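Owing to the predicted nature of the structure, the values given are computational and were not obtained by experimental measurement.
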There are 2 protein chains.
Amino acid sequence: MTTRVQAQVTSRRDRLREATLAEIHEAARGLLTSRGSDAVTMNAVAREVGMSGPALYHYFKGHEELVGAVTARFFRELTGEMEAARDAHAEDSLDIRLLATCRAMRAWATAHPAEFGWIFARPIPSVHHEPGSARLVAGERFETVLRDQVMELWETRPFPVPDLTELAPSLREQLHAYAESVGGRLPPEAAHVFLTCWSRLYGLLCMEVLRQLDSVYSDMEPVYEECLRELAGLLGLEYDGGGR
Amino acid sequence: MTTRVQAQVTSRRDRLREATLAEIHEAARGLLTSRGSDAVTMNAVAREVGMSGPALYHYFKGHEELVGAVTARFFRELTGEMEAARDAHAEDSLDIRLLATCRAMRAWATAHPAEFGWIFARPIPSVHHEPGSARLVAGERFETVLRDQVMELWETRPFPVPDLTELAPSLREQLHAYAESVGGRLPPEAAHVFLTCWSRLYGLLCMEVLRQLDSVYSDMEPVYEECLRELAGLLGLEYDGGGR
DNA sequence: AAGCTGCCTTAGAAGCTCTAAGGAAACATA
DNA sequence: TATGTTTCCTTAGAGCTTCTAAGGCAGCTT
């Protein structure tokens with residue numbers, strides 16, 4: 001179709017559309033944070049950006065897709081914050097960089113609990129796990145930020161790993177498959193350590209944002225720090241105090 | 001009002017009402033598991049039990065309250081399963097009993113993912129954290145099942161505890177407050193160990209049911225078992241193989 | 001200049017939550 | 001036994017929602 005104008009990536013129309021899309025995302029986010037999940041309706045979002053109702057269906061196939069797109073954008077924002085923290089410590093040691101990345105994750109999550117809630121607690125009901133979905137792509141990039149750093153750590157200064165033969169055969173196979181799937185840069189033993197760290201940290205953060213520990217802790221910050229200290233131990237990192 | 005008939009706790013009407021309530025809960029659950037969270041509407045539930053629409057408002061103030069009541073019932077069912085597992089091993093060692101309780105938790109959660117999802121991922125949007133809410137009472141009883149066993153363990157065969165002075169002051173204070181709040185049967189050090197175990201286990205289960213680790217593990221059972229093995233180590237329990 | 005495409009509109013069907021008003025049956029009381 | 005109250009359920013309806021259908025208009029392409 002567009003053979004000659006291929007070079008001109010952003011036509012006037014494209015730019016307008018992009019601006020409208022950004023406005024829509026902003027409106028949806030505003031409704032989410034100010035009036036809750038249920039307030040993010042097609043009509044309300046459309047009202048907010050100044051168009052009336054069904055116009056939104058030119059941008060999204062339906063409510064579900066809008067929520068999915070907004071969620072993916074949140075996911076990218078979170079990942080971006082983590083990458084920014086990583087890059088801000090490009091000159092520092094890997095130890096400091098890794099911990100800073102982890103802290104950036106919690107910082108964004110606790111500053112944007114509703115958004116973070118959508119990231120992991122939304123896709124329960126509808127099972128839209130299509131392979132190429134923006135949600136999954138964003139999730140992949142998310143996981144990569146820390147994984148890459150652990151890979152770098154492994155390659156420059158290997159951390160102690162457990163004996164895999166003590167694990168259940170099924171788990172061992174899964175670890176092999178995972179190690180394979182990430183390009184073999186981590187052997188299964190190291191993958192196990194990374195995944196242990198990852199699920200402890202991410203799990204703790206989920207619990208905090210889902211407020212499952214409200215009756216136990218009034219301030220989760222030192223709990224998260226304590227978890228980081230443990231992970232530093234597992235990965236042979238030097239833990240830099242509270243990081244204040 | 002009812003002065004003389006006070007003794008007769010369940011009148012004919014009460015029994016009828018109770019039966020209708022049970023039917024409503026059953027219908028709501030059926031809709032949730034078969035057609036997803038969004039299918040649990042007042043109208044649909046009413047249709048399912050054979051009454052038309054607004055009749056449900058004689059049983060619940062609104063949609064929110066119905067969902068809350070159903071969720072609390074799920075919570076009680078989960079706790080009941082854990083208590084049943086505990087009682088089924090009343091003759092066995094505390095080690096076996098504790099692990100069985102933890103396994104019962106995952107067994108129910110994985111067998112009823114939608115229900116478990118409501119338990120922890122529902123109350124994000126609406127901030128209904130009233131002190132006496134059925135949700136919180138159920139949560140308290142839930143946490144108690146394991147906590148009581150860890151208390152018993154602590155009193156009969158204390159597990160190793162870390163030095164609290166290495167922890168952040170804020171965390172130390174919170175642990176003291178928590179130890180206080182559970183009747184002083186656990187010192188802050190032991191409370192810290194229990195809470196570490198609890199949040200690791202519960203966090204991992206949340207991640208599994210929220211399907212946050214789908215791209216990593218295909219079967220979380222051995223991962224959960226591995227976590228249990230670690231916790232057994234922390235608590236000085238004898239770990240009984242896969243438990244198969 | 002003519003046509004296609006993209007953006008937006010209003011109309012409207014179907015379903016949702018929830019309130020209002022009222023009938024019928026069961027219970028309590030005089 | 002007669003009367004009143006409470007409980008359970010009904011229909012009607014307002015005001016939301018999602019989403020489809022049909023059409024107008026502006027701007028890009030040819």
Qualifying residues under salt bridge (charged side-chain N to carboxylate O under 4.0 Å, His left out), relative to Arg185(B), sequence neighbours excluded: Glu155(B)
Leu66(B) CG to dC16(C) P, straight-line distance once rounded to whole Å: 14 Å
Separation of dA25(C) C1' from Met51(B) CE (nearest whole Å): 16 Å
Counterpart residues, ring-ring contact (aromatic ring centres under 6.0 Å, His included), relative to Phe116(A) (two or more places apart): Phe120(A)
Protein-nucleotide distance (Glu64(A), atom CD; dT18(D), atom P), rounded to Å: 12 Å
Contact list for DNA chain D against residues 41-50 of chain A - heavy-atom distance below 4.0 Å: Thr41(A), Met42(A), Asn43(A), Arg47(A)
Residues 44-61 of chain B side chain polar contacts: donor-acceptor under 3.5 Å, at least two apart:
none

Qualifying side chain to side chain donor-acceptor pair (under 3.5 Å) pairs with a residue from residues 73-83 of chain B, counting only residues at least two apart or across chains: Arg29(B)-Glu77(B), Glu77(B)-Trp108(B), Glu83(B)-Arg141(B)
Under 4.0 angstrom between Arg17(A) side-chain N/O and dG6(C) OP1 or OP2: no
Contacts of Glu140(B) that satisfy salt bridge (charged side-chain N to carboxylate O under 4.0 Å, His left out) - sequence neighbours left out: Arg147(B)
Ring centers of Tyr202(B), Phe142(B) separated by less than 6.0 Å: yes
Interatomic distance where CG belongs to Leu21(B) and C1' belongs to dT7(D) [whole Å]: 13 Å
Sub-4.0 Å heavy-atom contacts from residues 52-63 of chain A onto DNA chain D, ordered by number: Pro54(A), Tyr57(A), Gly62(A), His63(A)
Interatomic distance where CD belongs to Glu18(A) and P belongs to dG6(C) [whole Å]: 15 Å
Can I get a per-line list of side-chain donor-acceptor pairs under 3.5 Å for residues 19-26 of chain B, giving both atom names and the distance, sequence neighbours left out?
residue: Thr20(B); atom: OG1; partner: Leu16(B); partner atom: O; Å: 2.9
residue: His25(B); atom: ND1; partner: Leu21(B); partner atom: O; Å: 3.0

Pairs involving residues 35-55 of chain A, ordered by first then second residue, that meet ring pair (Phe, Tyr, Trp, His ring centres under 6.0 Å) (sequence neighbours left out): none
Whole angstrom value for the distance that separates P of dC7(C) from CG of Leu16(A): 9 Å
